[in-house]
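Notes for the one structure printed next.
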Amino acid sequence: MLAVPAGRVVSYGQVADMAGLGRQARFVGRALGMLPAGHSVPWFRVIRNTGQIAFPPGSDTFEQQKALLMNEGVEVINGRVSMKRFRWRP
DNA sequence: GTTTTGACGGACA
DNA sequence: TTGTCCGCCAAAA
């Protein structure tokens, strides 16, 4: 499921692979953008493989996601999530 | 049926 | 680890 633990972020490819889509990460993004307003999917925890948010800095969605991630305890710097914390053990 | 864009991924510097 | 370039897949125009 798209249930990602709080304080943890997953890349689109991760979700795609988990959903069985394979390398269709784009499909995931499209599906998320197609989600209604009352969705129960933590889309804000879904970021790119590079650790950068899939939104241009300054966008409303970007700020929203950034705030949510920071709220979860994820370090968001310069519109980028410190994936060093998700690579190997800290 | 063909072309373009996209909430992307992986490799190289 | 971060930044940049190329390439892959599917949906929309």
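Note that these values count all heavy atoms, side chains included, but never hydrogens, waters or copies made by symmetry. Residue numbering restarts at 1 for every chain, and letters A, B, ... go by the order of the sequence lines. Because the structure is predicted, anything quoted here is derived from the model rather than measured.
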Starting from the C-alpha separation in whole Å, work towards a yes-or-no answer on side chain to side chain contact (heavy atoms under 4.5 Å, CB included) for A:Val9 and A:Val4. CA-CA 7 Å; A:Val9 292; A:Val4 183; 6.0 Å; no
Please walk me through it: do A:Arg45 and A:Glu72 pass side chain to side chain contact (heavy atoms under 4.5 Å, CB included)? CA-CA 9 Å; A:Arg45 288 180 196 164; A:Glu72 293 290 309; 3.3 Å; yes
Test log, rule side chain to side chain contact (heavy atoms under 4.5 Å, CB included), inputs A:Tyr12 and A:Arg48: CA-CA 6 Å; A:Tyr12 288 91; A:Arg48 286 184 39 157; 4.2 Å; yes
Would A:Ile77 and A:Ser82 count as a side chain to side chain contact (heavy atoms under 4.5 Å, CB included) if you check the C-alpha gap in whole Å, the side-chain angles of each, and the deciding distance to 0.1 Å? CA-CA 7 Å; A:Ile77 303 172; A:Ser82 310; 3.9 Å; yes
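Summarising the geometry of A:Gln65 relative to A:Ile47, their closest heavy-atom pair is NE2-CG2, 3.7 Å, with the distance given to 0.1 Å. Scanning all heavy atoms of the two residues, the minimum distance from A:Phe62 to A:Phe55 falls at CD1-O, 3.5 Å.
Boundaries of the chain A contact region on DNA chain B are B:dG6 to B:dG10, first to last in 5' to 3' order (nucleotide atom under 4.0 Å from a heavy atom).
With values rounded to the nearest 0.5 angstrom, A:Trp43 atom CH2 is found 6.0 Å from A:Thr61 atom OG1. Atoms CG and CD, from A:Asn78 and A:Gln52 in turn, are 8.0 Å apart once rounded to the nearest 0.5 Å.
Contacts between residues 53-66 of chain A and DNA chain B, defined by a heavy-atom separation under 4.0 Å, are made by A:Ala54, A:Phe55.
Under a cut-off of 6.0 angstrom, the local environment of CZ in A:Phe27 is sparse, with at most 12 non-hydrogen atoms contributed by other residues, nucleotides or ligands.
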With the criterion being N/O to N/O and under 3.5 Å, what pairs connect the protein with nucleotides 4-9 of chain C, and how long is each?
unit_1 : atom_1 : unit_2  : atom_2 : d
C:dC9  : O3'    : A:Gln24 : NE2    : 2.6

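Put simply, OH on A:Tyr12 is 16 Å from C1' on C:dA10, counting in whole angstrom units.
Without hydrogens or angle criteria, A:Gln24 side chain to A:Asp17 main chain gives no donor-acceptor distance under 3.5 Å.
Within 4.0 Å of A:Gly13, counting heavy atoms only, lie sugar-phosphate atoms of the nucleic acid but no base atom.
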